Amino acid sequence: MLDSSPQRSHFRRKLLAWFDRHQRDLPWRKERTPYRIWVSEIMLQQTQVATVIDYYLRFMKAFPDVQSLARAKESRVLKLWEGLGYYRRARQLHAAAKVICEKHGGVFPETVEDVLALPGVGRYTAGAVLSISLDQRLPILEGNTQRLFARLMLLEEDPKASASQRAMWSFSESLLPRKRCGDFNQALMELGSLICQPKSPGCLLCPVANHCAAFANGKQDQIPVASRKMKYENLHEAVLLLRRRRKGIEEYLVRLCGEGERWQGMWDFPRYPIDAADNNVVEQLGRAAKNQLGIEVEIGERVFSFRHAVTKYRISVDVYNAIGTGRVKKSKAGEAVWGNAADLELLPMSAPARKITKMRPKSPTGK
DNA sequence: AATACGGGGTA
DNA sequence: TACCCAGTATT
């Protein structure tokens, strides 16, 4: 249904016309410079449009150009990214900005090879940035287009399989028009997002339904086939709210997550796994704190609990009040320091740490 | 080919 | 609860 050139021409015209009428008004569509499109594409990786908008506006205000981003401290970049997830994106974005300033004279590179060489940029992002900002003729393939293509092509195999991926990249390339490549690529994604949705796709509203093999066979609800479902493992851990009072200001012990651990470059409260089989949690915690922090810790009452999910783990977190005596050692795993509420506002905090600071009363009790 | 990387939205 | 989201890098 898209295997002849006239069919593909018709498809392009219909899709572009639909996009001209129905595209959403999004901040990164205002001014399409490579820098702005690049930042938006990194933020949009595995993250929904609605979630990104506010982050994008704040980020562009803080770093309007690649130079300001390159000059910034990583902690500030991470703070702006706090809550978006996949923090490696922020660190790589920052690193890439430095590469652009040092190796490309502060001008965003304009060849696929150079763009692909930037940290955090893969084939999708390189194609998206160069097609959208400079109208280069490069294909894209991401979540929306995979679903759309799987239906257009009547792909009955697992879309994640490498053969499927190859076929879809090649399909994406074959569809590309000569002009308006950036609009066309965005139109593919917009159609996937607004019409060709995962559940109950809006085929009756679809401008290219007559080109869709899945629709022709009434199989739009069976394609794409669901890939293997993720199974979670349950974990328990405890967080120490270790406090002291200095000059009338309440301080908390926090530590910087180091290389090789989750939330690298972000701050967290001391957090330890709990062995569910061992019911003496307090003793476990005391030992862990002694080993990691090098001080005797007196564990107080459990303040509250919450759950969060990360990668393949569903983690139950118990938060304990605690008092420590002695000097805190700086461990290799990550520096532990005392910080007050104002510090906590400034530092990039891990997701659990952010939950905890939010759940704590604004003005600490005690004198 | 599988896995790590996060967190929020949604039915 | 389970799935999805403008993916990339590493193993």
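Model, not experiment: these values are computed from the prediction. Each chain gets a letter, A, B and so on, in the order the sequences are listed, and its residues count up from 1.
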Residues 282-289 of chain A, side-chain donor-acceptor partners within the protein, below 3.5 Å, at least two apart:
| from | atom 1 | to | atom 2 | distance (Å) |
| --- | --- | --- | --- | --- |
| A/Glu283 | OE1 | A/Asn280 | ND2 | 3.1 |
| A/Glu283 | OE2 | A/Arg287 | NH1 | 3.0 |
| A/Gln284 | OE1 | A/Asp275 | N | 2.9 |
| A/Gln284 | NE2 | A/Asp275 | O | 3.2 |
| A/Gln284 | NE2 | A/Asp278 | O | 3.0 |

Please report, rounded to the nearest Å, how far the P atom of B/dA4 is from the CG atom of A/Leu235.
13 Å

Which residue pairs pass the ring-ring contact (aromatic ring centres under 6.0 Å, His included) test when at least one of the two sits in residues 108-142 of chain A, sequence neighbours left out?
A/Trp38-A/Phe108

Run the side-chain donor-acceptor check on residues 86-98 of chain A: report pairs under 3.5 Å with partners two or more places apart or on a different chain.
| from | atom 1 | to | atom 2 | distance (Å) |
| --- | --- | --- | --- | --- |
| A/Tyr87 | OH | A/Gly83 | N | 3.1 |
| A/Tyr87 | OH | A/Gly85 | N | 3.4 |
| A/Arg89 | NE | A/Tyr86 | O | 3.3 |
| A/Arg89 | NH1 | A/Ile42 | O | 3.1 |
| A/Arg89 | NH1 | A/Met43 | O | 2.8 |
| A/Arg89 | NH1 | A/Gln45 | O | 2.7 |
| A/Arg89 | NH1 | A/Thr47 | OG1 | 3.0 |
| A/Arg89 | NH2 | A/Thr47 | OG1 | 3.4 |
| A/Arg89 | NH2 | A/Leu84 | O | 3.2 |
| A/Arg89 | NH2 | A/Gly85 | O | 2.9 |
| A/Arg91 | NH1 | A/Gln264 | O | 2.8 |
| A/His94 | NE2 | A/Leu69 | O | 3.4 |
| A/His94 | NE2 | A/Ala72 | O | 2.8 |

Residues forming a side-chain hydrogen bond (donor to acceptor under 3.5 Å, both in side chains) with A/Arg147, sequence neighbours excluded
A/Asn144

Would you kindly give the CD-to-P distance between A/Glu261 and B/dA4, to the nearest whole Å?
17 Å

Per nearest nucleotide of DNA chain B, the residue lying toward the 5' end, A/Ala161 or A/Arg89, is A/Ala161

Verify the contact: side-chain N or O of A/Thr51 to OP1 or OP2 of B/dG8, cut-off strictly under 4.0 Å; return yes or no.
no

For residues 200-211 of chain A, which side-chain N or O atoms pair as donor and acceptor with protein atoms under 3.5 Å away, sequence neighbours left out?
| from | atom 1 | to | atom 2 | distance (Å) |
| --- | --- | --- | --- | --- |
| A/His211 | ND1 | A/Met1 | O | 3.1 |
| A/His211 | NE2 | A/His10 | ND1 | 2.8 |

Check the distance between B/dC5's P and A/Trp263's CH2 and give it to me in whole angstrom.
10 Å

For A/Asp135, is there an ion pair with A/Arg32 - N to carboxylate O distance below 4.0 angstrom?
no

Measure the distance from NZ on A/Lys199 to P on C/dA2 and round it to the nearest whole Å.
14 Å

Please report, rounded to the nearest Å, how far the P atom of B/dA2 is from the NZ atom of A/Lys160.
13 Å

Heavy atoms of other groups near A/Glu157 CD, more than 12 under 6.0 Å:
no

Phosphate OP1/OP2 of B/dG7: any A/Tyr87 side-chain N/O under 4.0 Å:
yes

Looking at every strand, decide which applies to A/Leu84 at a 4.0 Å heavy-atom threshold: base, sugar-phosphate, or nothing.
base

What integer number of Å spans the C1' atoms of B/dG6 and C/dC4?
14 Å

Please state how far atom CD in A/Glu233 lies from atom P in B/dC5, giving the value in whole angstrom units.
13 Å

Whole-Å distance, A/Ile42 CD1 to B/dC5 C1', equals 14 Å

Could you tell me whether A/Glu233 and A/Arg314 make a salt bridge, using a distance below 4.0 angstrom between a side-chain N and a carboxylate O?
no

Under 4.0 Å from OP1 or OP2 of B/dC5: is there any side-chain N or O of A/Arg262 that close?
yes

What interatomic distance, in whole Å, is found between P of C/dT1 and the corresponding atom of B/dC5?
22 Å

Output a table of donor-acceptor pairs, distance under 3.5 Å, between side-chain atoms of residues 13-23 of chain A and any protein atom two or more places apart or on a different chain; print 'none' if there are none.
| from | atom 1 | to | atom 2 | distance (Å) |
| --- | --- | --- | --- | --- |
| A/Asp20 | OD1 | A/Arg180 | NH2 | 2.8 |
| A/Asp20 | OD2 | A/Arg180 | NH1 | 3.2 |

Under 3.5 Å, which donor-acceptor pairs do the side chains of residues 110-121 of chain A form with other protein atoms, sequence neighbours left out?
| from | atom 1 | to | atom 2 | distance (Å) |
| --- | --- | --- | --- | --- |
| A/Thr111 | OG1 | A/Asp114 | N | 3.2 |
| A/Thr111 | OG1 | A/Asp114 | OD2 | 3.3 |

Determine the Euclidean distance between corresponding C1' atoms of B/dG9 and C/dT8; express it in Å to zero decimal places.
23 Å

Send over the distance from A/Met43 CE to C/dC5 C1', rounded to a whole Å.
16 Å

Can you build the contact string for nucleotides 6-11 of chain C? Use B for base contact, S for sugar-phosphate-only contact, and - for no protein heavy atom under 4.0 Å.
BBSS--

In whole Å, measure the gap between the P atoms of B/dT3 and C/dC3 for me.
16 Å

Selection: residues 303-318 of chain A, any non-hydrogen atom under 4.0 Å of DNA chain C
none

Looking for any heavy atom pair under 4.0 Å, which part of the strands does A/Ala128 touch: base, sugar-phosphate only, or nothing?
nothing

Could you pick out which residue, A/Gln264 or A/Ser162, lies toward the 5' side of DNA chain B when each is mapped onto its nearest nucleotide?
A/Ser162

